[in-house]
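Here is the structure we will look at.
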There are 2 protein chains.
Amino acid sequence: MITPGSSDAIRVAVSAVIFSLRSGANGDRLMLPLVRRTRDPYLDAWALPGGWLDPAEDLDAAASRTLAETTALTPSYLEQLYTFGDVDRSPTRVVSIIYWALLRSDLVDAQRSAAGAPENVEWFDVDDLPPLAFDHRRIAEYALWRLRNKVGYSWIGAGLLPDEFTLTELREVYETVLGRRLDPSNFRRLLEGSDELVPTESFRTGKHRPARLFRLAEKA
Amino acid sequence: MITPGSSDAIRVAVSAVIFSLRSGANGDRLMLPLVRRTRDPYLDAWALPGGWLDPAEDLDAAASRTLAETTALTPSYLEQLYTFGDVDRSPTRVVSIIYWALLRSDLVDAQRSAAGAPENVEWFDVDDLPPLAFDHRRIAEYALWRLRNKVGYSWIGAGLLPDEFTLTELREVYETVLGRRLDPSNFRRLLEGSDELVPTESFRTGKHRPARLFRLAEKA
DNA sequence: GCAAAAGTGTTAGAAATACACCCATGC
DNA sequence: GCATGGGTGTATTTCTAACACTTTTGC
């Protein structure tokens, strides 16, 4: 039991697990940004970006703000993940509402050169995370599980790419996220049977036969 | 903007959407318990059972307590649903962590005759809910959507039945929850291909050919 | 014996998978 | 023309749905 003190109030925080593709050693890797803590507890440890919920702020807005404070960008996808609130997850009682988000790779890079990379923020490979503060390791792994799950039955993965993309680019995103090879022709069939992705009249020219560009359909 | 007053604190509540099968006019119906409010706001309106999160209590424990206070029972299934926290969902700032639960029909009835039905609690057909306080209508509908969804790909529906049940009883649960007829032989095939349900050596005798009883497998 | 529910078998169609092959472009 | 990635076609398997049929019990 916690002895009631001057303040037994429960504080509400909002954090986000933000995924984006960033070029690594061998091809693109799925990565997420972490923030180095500047206070106790867990001073100097890596943690998920987040902050206190403002009393005048909706939950989604708080998640967007949190995300903007670290990346200066609006996410291409944002969804509430889960609320973590075990008594012992922090020295003081904190209930953390966690969101997960996807960022378009092209915009992340654009921001980096523009506003200048924020201090204390670094991107890490999801398969090679450093030790994390609080229960953030568990949270990050749960978010990753949810992403992989959702990618298995939706076209949400397109949120990691620019507005227009080739079929191969999209397939490579799915291969990176899922960690296995996908058959190009079957992947194409799936896409063509869906009404969430639509072909454009543009083509990407490169070394070989130009590839048709696709984009996400306008929401009905 | 909210003008900061003597307390701009954010309070954390935990509520539950509790489903159970109860016999109605034509067969069993999916129902949930609501509590009549005894305070403003929404005095006398129906609301989901819930209460304030205790600073020394885990979220799951708070959900169980909430559930026990209305039904005096432990759920056969309990899962966090979503956290609702819009600024305007209540006159004061309240973040509500919602759980959803399943109750075995046999135990609910046993309790009713034992402890005596709690005051101010009534069961309602999920398809015929009264006007609800706050945003509880939306919450109840979201929980129902999640239940129907999960029933579509899992054997969670067995949580609405006693320990042992016939295949037909289970199928009828699924038909009630999903609101459509299911083919008995295909339903059997699904069950037999699963390792989550195991046959027992017992049979239910009745008017006709005895039916084998099944039960949920022990968790691995 | 007969009605009713338990349980089995069979077939048709849809969807996932594997893989062979043709097409258009840069060099 | 040839290497390379873009794109098409097709056979195989697996899953799902529909439904005909047999078995076992109470009365």
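- You'll find the side chain of B:Tyr142 stays beyond 4.5 Å of the side chain of B:Ile98, heavy atoms only.
- Residue pairs that meet the salt bridge (charged side-chain N to carboxylate O under 4.0 Å, His left out) test with at least one member in residues 66-76 of chain A, sequence neighbours left out, are A:Arg65-A:Glu69.
- On the nucleic acid side, DNA chain D contacts chain A at distances under 4.0 Å to non-hydrogen atoms, with the end points of that region at D:dT4 to D:dT10.
- The side-chain heavy atoms of A:Pro199 and A:Glu192, taken from C-beta on, include no pair separated by under 4.5 Å.
- For DNA chain C, the neighbouring residues in residues 207-216 of chain B, judged by any heavy atom under 4.0 Å, are B:His208, B:Arg209, B:Pro210, B:Ala211, B:Arg212.
- At a threshold of 4.0 Å, the pair B:Glu164-B:Arg204 does not count as salt-bridged, since none of the basic side-chain nitrogens sits closer than that to a carboxylate oxygen.
- Side chains of B:Arg212 and B:Ser202: no donor on one and acceptor on the other come within 3.5 Å.
- In this structure, B:Arg37 fails the cation-pi test against B:Trp46, since its NZ or CZ atom is not both closer than 6.0 Å to the six-membered ring centre and inside 45 degrees of the ring normal.
- Residues B:Tyr174 and B:Arg180 form no side-chain contact, since every pair of their non-hydrogen atoms from C-beta on lies 4.5 Å or further apart.
- The stretch residues 145-181 of chain B comes close to DNA chain C through B:Thr168, each having a heavy atom under 4.0 Å from the strand.
- The 12-atom threshold is exceeded at CZ of A:Arg148, counting heavy atoms of other residues, nucleotides or ligands nearer than 6.0 Å.
- The main-chain N or O of A:Ala68 is never found under 3.5 Å from a side-chain atom of A:Thr71 such that the two would form a donor-acceptor pair.
- The backbone N or O of B:Leu213 lies less than 3.5 Å from a partner atom in the side chain of B:Thr200, making a donor-acceptor pair.
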For nucleotides 19-21 of chain C, which of its nitrogen or oxygen atoms have a protein nitrogen or oxygen under 3.5 Å away, and what is each distance?
residue, atom, partner, partner atom, Å
C:dC19, N4, A:Ser185, OG, 2.3

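- Looking at residues two or more places apart in sequence or on another chain, you find a salt bridge (Lys or Arg N to Asp or Glu O under 4.0 Å) between A:Asp125 and A:Arg29.
- Annotation: side chain of B:Arg146 is in contact with side chain of B:Leu81 (closest heavy-atom distance under 4.5 Å).
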